[in-house]
Peer 1: 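After the structure tokens below, expect a handful of questions from me.
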Amino acid sequence: MKMANNFYAARSSADSNMDDICKLLRSTGYSSQPGAKRPPNYPESYFQRVPINETFISMVIGRLRSDDIYNQVSAYPLPEHRSTALANQAAMLYVILYFEPSILHTHQAKMREIVDKYFPDNWVISIYMGITVNLADAWEPYKAAKTALNNTLDLSNVREQASRYATVSERVHAQVQQFLKEGYLREELVLDNIPRLLNCLRDGNVAIRWLMLHTADSACDPNNKRLRQIKDQILTDLRYNPKILFQLLLDTAQFEFILKEMFKQMLSEKQAKWEHHKKEGSERMTELADVFSGVKPLTRVEKNENLQAWFREISKQILSLNYDDSTAAGRKTVQLIQALEEVQEFHQLESNLQVCQFLADTRKFLHQMIRTINIKEEVLITMQIIGDLSFAWQLIDSFTSIMQESIRVNPSMVTKLRATFLKLASALDLPLLRINQANSPDLLSVSQYYSGELVSYVRKVLQIIPESMFTSLLKIIKLQTHDIIEVPTRLDKDKLRDYAQLGPRYEVAKLTHAISIFTEGILMMKTTLVGIIKVDPKQLLEDGIRKELVKRVAFALHRGLIFNPRAKPSELMPKLKELGATMDGFHRSFEYIQDYVNIYGLKIWQEEVSRIINYNVEQECNNFLRTKIQDWQSMYQSTHIPIPKFTPVDESVTFIGRLCREILRITDPKMTCHIDQLNTWYDMKTHQEVTSSRLFSEIQNTLGTFGLNGLDRLLCFMIVKELQNFLSMFQKIILRDRTVQETLKTLMNAVSPLKSIVANSNKIYFSAIAKTQKIWTAYLEAIMKVGQMQILRQQIANELNYSCRFDSKHLAAALENLNKALLADIEAHYQDPSLPYPKEDNTLLYEITAYLEAAGIHNPLNKIYITTKRLPYFPVVNFLFLIAQLPKLQYNKNLGMVCRKPADPVDWPPLVLGLLTLLKQFHSRYTEQFLALIGQFIRSTVEQCVSQKIPEMPADVVGALLFLEDYVRYTKLPRRVAEAHVPNFIFDEFRTVL
């Protein structure tokens with residue numbers, strides 16, 4: 001479907017062959033799921049959708065049947081290897097036969113010929129990059145093909161092949177192990193035994209191919225009785241043990257790798273060595289000529305002009321050997337060796353040991369020249385052909401658990417695995433060959449894909465090392481946190497034995513040694529080029545450690561922050577303390593082992609923990625976004641070091657959401673009362689402490705700065721959502737209700753102008769409140785929620801600022817000064833626009849904000865959360881709302897404004913901060929009007945009390961005055977802002993009469 005859509009989007013004209021594309025891409029009904037039945041006439045009916053010339057297909061099949069198209073037989077001279085040599089051709093023939101299904105159905109002779117040539121000893125084939133097909137199953141519906149294959153699938157033939165390959169694999173494995181012994185594969189031995197070594201490699205690779213393909217689970221349908229019988233027969237006759245097969249693969253790959261490396265080195269040095277041996281041999285002959293000239297005295301050697309001339313001629317002949325004409329040079333070198341042997345016999349030169357030595361040395365150099373000239377690139381090409389492992393591209397995964405267990409037992413096994421991975425990398429030649437020959441621009445992207453897949457598999461196998469390390473690390477964590485007592489700075493001598501704790505410390509040392517052994521194992525792998533990607537073992541180890549750390553820390557955070565909302569008291573603090581101990585254990589032990597594994601422990605810890613928390617915050621904030629941030633778009637998610645996702649246990653997506661909602665639940669303004677002076681929440685009914693600012697210190701200890709910062713960010717999103725909901729509610733219950741609008745209009749007419757005093761104020765105000773009573777419940781809930789979250793944001797900012805000043809005083813000072821300097825420059829620009837101001841493309845202000853928020857150097861109350869439009873009656877609605885809530889509150893000398901009745905809960909700080917935040921989102925004239933209405937209410941009510949000679953100040957006026965006081969305090973504005981609406985003597989006196 002996607003392919004059809006993409007073609008439709010990319011087509012250049014309306015009359016493109018869209019119908020043909022749809023016909024081609026129509027579903028065939030085929031399913032690759034295990035146990036799924038193949039649709040009738042599949043795949044031939046699918047191939048017939050695009051007709052191809054029958055003569056052309058017939059010619060292709062004819063060539064494939066008769067010829068060795070890829071000239072592979074030369075690399076496999078033995079007749080028993082012929083089916084392996086022609087395996088690629090056989091795979092092509094298998095596919096192309098479906099384009100002419102009549103051969104499969106009725107052409108008995110042709111199918112017999114094909115089976116006898118390509119499938120006499122094998123029936124499980126690899127089509128392309130590890131996609132395997134069992135011919136016994138694939139050719140079941142085709143009579144001629146099935147009949148032709150019956151000879152191959154005869155149980156006696158199956159038994160014979162299985163027994164043969166069992167014998168071959170045992171013999172080859174013994175040979176390979178002999179070759180791999182330290183010091184066995186020397187240059188002379190390799191050069192003298194090239195055919196023998198290549199035969200061993202051939203036998204080994206052919207046996208591995210047959211065994212892996214015919215024992216693979218993917219090639220045998222468990223529901224097919226006949227296939228199951230054949231496979232059971234093979235496993236029995238082979239005495240199959242996957243570990244032995246894996247060991248054979250491992251040793252063969254190592255042998256092949258060493259041999260290739262030796263040949264590459266010998267090829268690179270070939271000419272230099274040849275020239276060196278030629279020069280040495282020639283010089284020896286020249287020296288002997290000089291000896292027989294009588295000029296150079298040599299013990300008991302008489303002058304002999306004939307020998308002198310002969311040796312000079314031999315010297316010239318050696319020098320005349322031409323490296324470029326290797327055939328002629330080789331033949332001539334053999335003749336020179338024979339001549340030197342003959343001269344020693346016929347001229348009685350054996351009696352002089354020094355002359356004999358010279359002759360022997362020259363013959364040795366000539367022999368070396370013959371060996372060197374035989375080092376040909378064809379040997380490397382043959383090794384490349386016979387070492388092909390593309391058939392195991394997918395099958396190799398079945399050996400992953402064996403590989404990992406081997407590494408766990410013996411970490412140095414990684415060096416042999418390196419050779420296996422490099423052997424697997426040779427499979428990349430198959431998909432890239434034609435792309436490369438066609439000079440296609442896709443070469444890089446296809447190389448990148450397959451190399452990336454292989455590197456991912458290498459990472460998957462080697463991940464056992466970090467896993468094993470972390471298993472040991474958990475034991476170290478347990479010992480360090482529970483068993484080993486921290487040694488104090490001063491210690492009494494008689495208590496030394498108690499603090500020594502030799503047993504636990506020995507156990508820690510033993511575990512640490514095990515971790516360093518694992519590290520050593522992976523670092524033995526050396527930097528390796530896998531396809532076109534360079535794999536650095538140090539980086540692999542670090543990535544593996546990061547991956548394991550992320551997996552374990554993410555799980556600890558997920559499991560540690562699951563709360564029961566019905567629990568009394570809340571589980572929040574105990575769970576945070578428990579999680580804090582777990583995180584501290586991880587941190588301490590990670591810090592402890594960093595030197596043993598040669599990594600920057602603190603850097604990795606901070607990077608990965610911050611990534612986990614930021615990713616979870618991002619995922620939680622997705623709930624508030626229209627366009628979600630997917631994993632592949634996230635800057636925190638990684639392919640190699642993925643952050644695991646867990647199934648949500650409640651409405652929150654992640655642990656950070658659960659933590660935030662639990663804090664909101666226990667500090668709910670309907671249930672608790674926040675005492676600003678103590679930074680503490682108390683239960684309204686029982687007056688017991690619920691939580692305090694210690695909560696945020698505990699979060700800082702457990703989740704660090706990243707956790708607090710993430711919590712703050714999530715609260716921002718929640719405030720935005722609440723404010724948006726509030727605006728919707730305002731439209732619904734106020735602007736669409738005519739009764740409410742009439743009431744507000746009447747009130748505005750009665751109080752205008754705002755500088756005046758309202759006559760009969762009580763009646764006017766409380767009449768308006770009574771008529772709008774129904775709207776205040778929802779209004780109060782929205783305001784209090786916003787206020788509650790603003791209090792939490794203030795507490796988080798305080799904690800962040802405190803820890804920043806304490807832990808990073810230089811950073812805190814630098815940020816504060818930079819912030820002040822920037823604000824001063826911006827203010828100066830607004831006073832004089834000719835002064836500089838950051839341009840739109842300058843990210844300075846945006847970037848410095850992130851730093852300031854992380855350091856707690858900001859005021860949440862000054863933040864603009866949403867963009868707003870003009871709302872009619874907005875100031876007067878907020879004013880009415882405030883004076884409607886004042887009767888529910890009472891003044892307490894010690895605590896300020898508190899709730900009058902727990903049954904009708906109103907908490908003063910969230911109320912004030914919620915209103916303040918709401919007004920901040922609108923134009924400042926709304927705030928001015930709101931304050932003017934409060935001032936008018938205070939003046940009018942006081943005037944009415946004076947005229948009626950009431951000595952006490954009404955409780956509502958006290959509440960309104962306290963609101964103005966708190967407004968000035970929270971916004972950090974000068975007191976004259978409030979005094980512009982209320983005479984200062986009322987402010988000065990009202991507390992004295994309370």
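The shown structure was predicted, so the numbers you read here are calculated from the model rather than taken from an experiment.
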Peer 1: If you draw a 6.0 Å radius around NE2 in H513, do more than 12 non-hydrogen atoms from other residues or ligands fall strictly inside?
Peer 2: no

Peer 1: Which value, rounded to the nearest 0.5 Å, describes the distance between Q463 atom CD and I465 atom CD1?
Peer 2: 9.5 Å

Peer 1: Does the side chain of P642 reach to within under 4.5 Å of the side chain of Q637, using non-hydrogen atoms?
Peer 2: yes

Peer 1: Return the minimal non-hydrogen interatomic distance between Q885 and L780, and the atom names on each side.
Peer 2: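 Taking Q885 first and L780 second, the nearest heavy atoms are OE1-CD2, 3.7 Å.
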
Peer 1: How close do H558 and F655 get, counting heavy atoms only, and between which atoms?
Peer 2: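 Nearest heavy atoms, H558 then F655: CA-CB, 4.3 Å.
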
Peer 1: Looking only at heavy atoms, which two atoms of L815 and L852 are closest? And how far apart?
Peer 2: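 Smallest interatomic distance, heavy atoms only, reads O-CD2, 3.9 Å.
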
Peer 1: Is any side-chain heavy atom of D907 closer than 4.5 Å to a side-chain heavy atom of P909?
Peer 2: yes

Peer 1: Do Q921 and T868 pair up side chain to side chain, a donor and an acceptor below 3.5 Å, judged on atom types alone?
Peer 2: no

Peer 1: Apply the test side-chain hydrogen bond (donor to acceptor under 3.5 Å, both in side chains) to residues Q788 and D668: give CA-CA distance (whole Å), side-chain angles for both, the deciding distance (0.1 Å), then the verdict.
Peer 2: CA-CA 7 Å; Q788 177 197 12; D668 185 354; 5.3 Å; no

Peer 1: Quick one: closest heavy-atom pair of L714 and C621, and the distance?
Peer 2: CD1-SG, 4.0 Å

Peer 1: Can you see which heavy atom on L711 is nearest to which on C660, and at what distance?
Peer 2: CD1-CB, 3.7 Å

Peer 1: R713 and E618: salt bridge (Lys or Arg N to Asp or Glu O under 4.0 Å), yes or no, with the steps?
Peer 2: CA-CA 9 Å; R713 195 163 137 223; E618 184 181 78; 5.3 Å; no

Peer 1: Does atom OH (Y802) have a neighbourhood of more than 12 heavy atoms from anything else shown, all under 6.0 Å?
Peer 2: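 No, not enclosed.
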
Peer 1: Could you check R546 against E542 for salt bridge (Lys or Arg N to Asp or Glu O under 4.0 Å), going step by step and ending with a plain yes or no?
Peer 2: CA-CA 6 Å; R546 284 175 184 265; E542 188 179 307; 3.1 Å; yes

Peer 1: To the nearest 0.5 Å, what is the distance between CD1 on I864 and NZ on K920?
Peer 2: 5.5 Å

Peer 1: Taking the side chain as everything from C-beta on, heavy atoms only, tell me whether M671 gets closer than 4.5 Å to I666.
Peer 2: no

Peer 1: Are T843 and E847 close enough that a side-chain donor and a side-chain acceptor fall under 3.5 Å?
Peer 2: yes

Peer 1: Do V786 and L913 make a side-chain contact, defined as non-hydrogen atoms from C-beta onward lying under 4.5 Å apart?
Peer 2: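 No, their side chains stay 4.5 Å or more apart.
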
Peer 1: Answer whether the closest heavy-atom distance between the side chains of T680 and T691 falls below 4.5 Å.
Peer 2: no

Peer 1: Using a 4.5 Å cut-off on heavy atoms from C-beta on, say whether the side chain of L625 contacts that of F717.
Peer 2: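 Sidechains of L625 and F717: in contact.
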
Peer 1: Is the shortest heavy-atom distance from the side chain of V609 to the side chain of V550 under 4.5 Å?
Peer 2: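 Not touching, per the 4.5 Å side-chain cut-off.
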
Peer 1: Using the rule given for side-chain hydrogen bond (donor to acceptor under 3.5 Å, both in side chains), can you reason through T654 versus Q619, listing the C-alpha separation, both sets of side-chain angles and the distance that settles it, and then say yes or no?
Peer 2: CA-CA 7 Å; T654 64; Q619 293 303 302; over 6 Å; no

Peer 1: Can you list every salt bridge (Lys or Arg N to Asp or Glu O under 4.0 Å) pair that touches residues 469-481, not counting sequence neighbours?
Peer 2: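 Those involving residues 469-481 do not exist here.
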
Peer 1: Do NZ/NE/NH1/NH2 and the carboxylate oxygens of E965 and R969 come within less than 4.0 Å?
Peer 2: no

Peer 1: For D543 and Q539, which I'm curious about, is there any donor-acceptor pair between the side chains at under 3.5 Å?
Peer 2: yes

Peer 1: How many angstroms lie between atom OG of S693 and atom CD of E698, to the nearest 0.5 angstrom?
Peer 2: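 Rounded to the nearest 0.5 Å, the OG-CD separation comes out at 12.0 Å.
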
Peer 1: Please determine if R665 and E662 form a salt bridge, counting it only when a charged side-chain N lies under 4.0 Å from a carboxylate O.
Peer 2: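 The answer is yes: the pair qualifies as a salt bridge.
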
Peer 1: Ignoring hydrogens and geometry beyond distance, is a side-chain donor-acceptor pair present between S652 and R658 at under 3.5 Å?
Peer 2: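 No donor-acceptor contact under 3.5 Å links the two side chains.
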
Peer 1: By the ring-ring contact (aromatic ring centres under 6.0 Å, His included) test, which pairs, at least two apart or in different chains, include something from residues 668-687?
Peer 2: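 Applying ring-ring contact (aromatic ring centres under 6.0 Å, His included) to every pair that reaches into residues 668-687, excluding sequence neighbours, yields H674-W681.
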
Peer 1: Given the rule in the side chain to side chain contact (heavy atoms under 4.5 Å, CB included) test, do E608 and I641 qualify, once you have shown the distances and angles that lead to the verdict?
Peer 2: CA-CA 9 Å; E608 295 309 320; I641 311 161; 4.1 Å; yes

Peer 1: Using modelled atom types and a 3.5 Å cut-off, is there a donor and acceptor pairing between side-chain atoms of N842 and backbone atoms of P838?
Peer 2: no

Peer 1: Can you tell me how the ring of F586 sits relative to the ring of W605, calling it parallel under 30°, perpendicular over 60° and tilted otherwise?
Peer 2: tilted

Peer 1: Could you give the distance from CG (L962) to CG (D966), rounded to the nearest 0.5 Å?
Peer 2: 6.5 Å

Peer 1: Give the ring-plane orientation class for Y926 versus F922, where under 30° counts as parallel, over 60° as perpendicular and anything between as tilted.
Peer 2: tilted

Peer 1: Is there a donor-acceptor contact under 3.5 Å linking the side chains of T917 and Q790?
Peer 2: yes

Peer 1: Counting heavy atoms not belonging to F624, are there more than 12 under 6.0 Å from its CZ?
Peer 2: yes

Peer 1: Take atom CD of E578 as the centre, draw a 6.0 Å sphere, and report whether it contains more than 12 heavy atoms from other residues, nucleotides or ligands.
Peer 2: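 Not more than 12 within 6.0 Å, no.
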
Peer 1: Side-chain contact, heavy-atom cut-off 4.5 Å: M469 with E548?
Peer 2: no

Peer 1: Classify the side-chain pair D631/Y615 by whether it contains a donor and acceptor separated by less than 3.5 Å.
Peer 2: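 Looking only at side-chain atoms, Y615 and D631 do form a donor-acceptor pair, the distance falling under 3.5 Å.
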
Peer 1: Would you say the side-chain atoms of N817 pair up with the backbone N or O of A813, donor to acceptor, closer than 3.5 Å?
Peer 2: yes

Peer 1: As a quick check of understanding, evaluate salt bridge (Lys or Arg N to Asp or Glu O under 4.0 Å) for E591 and R588, giving each step before the final call.
Peer 2: CA-CA 5 Å; E591 191 177 11; R588 280 172 60 192; over 6 Å; no

Peer 1: Step through the shown structure and confirm whether more than 12 heavy atoms of other residues, nucleotides or ligands are within 6.0 Å of CZ on R505.
Peer 2: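 More than 12 heavy atoms, drawn from other residues, nucleotides or ligands, come within 6.0 Å of this atom.
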
Peer 1: In sequence, state the C-alpha distance, the side-chain angles, and the governing distance for L576 and N701, and then conclude on side chain to side chain contact (heavy atoms under 4.5 Å, CB included).
Peer 2: CA-CA 9 Å; L576 279 173; N701 291 337; over 6 Å; no

Peer 1: How far does CD1 of I675 sit from CG of L895, to the nearest 0.5 angstrom?
Peer 2: 4.5 Å

Peer 1: So does K603 pair up with E607, basic N to acidic O under 4.0 Å?
Peer 2: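 So K603 pairs with E607 through a salt bridge.
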
Peer 1: Between F726 and L918, does a side chain to side chain contact (heavy atoms under 4.5 Å, CB included) hold up when you go through it step by step?
Peer 2: CA-CA 9 Å; F726 171 82; L918 186 61; 3.3 Å; yes

Peer 1: Go through E979 and R976 one step at a time and tell me if the salt bridge (Lys or Arg N to Asp or Glu O under 4.0 Å) criterion holds.
Peer 2: CA-CA 5 Å; E979 289 175 351; R976 63 174 177 272; over 6 Å; no

Peer 1: On the 0 to 90° scale, with breaks at 30° and 60°, tag the F646-F555 ring pair as parallel, tilted or perpendicular.
Peer 2: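 F646 and F555: tilted rings.
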
Peer 1: Rounded at 0.5 Å granularity, tell me how far CE in M573 sits from CZ in R694.
Peer 2: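 These two atoms lie 6.0 Å from each other.
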
Peer 1: Looking only at side chains, do D676 and W908 share a donor and an acceptor under 3.5 Å apart?
Peer 2: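 The answer is no; no qualifying pair exists.
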
Peer 1: Give the intermediate values and the outcome of side chain to side chain contact (heavy atoms under 4.5 Å, CB included) for residues N622 and I629.
Peer 2: CA-CA 7 Å; N622 266 347; I629 298 171; 3.8 Å; yes

Peer 1: For I719 and R793, work out which heavy atoms get closest and say how close.
Peer 2: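 Heavy atoms of I719 and R793 come nearest at CD1-CD, 3.9 Å.
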
Peer 1: Should the heavy atoms of other residues, nucleotides or ligands under 6.0 Å from NZ of K685 be counted, would the total exceed 12?
Peer 2: no

Peer 1: If you measure only the distance, is there a donor-acceptor pair under 3.5 Å linking the side chains of N709 and E853?
Peer 2: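 The criterion, which ignores hydrogens and geometry beyond distance, is not satisfied for E853 and N709.
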
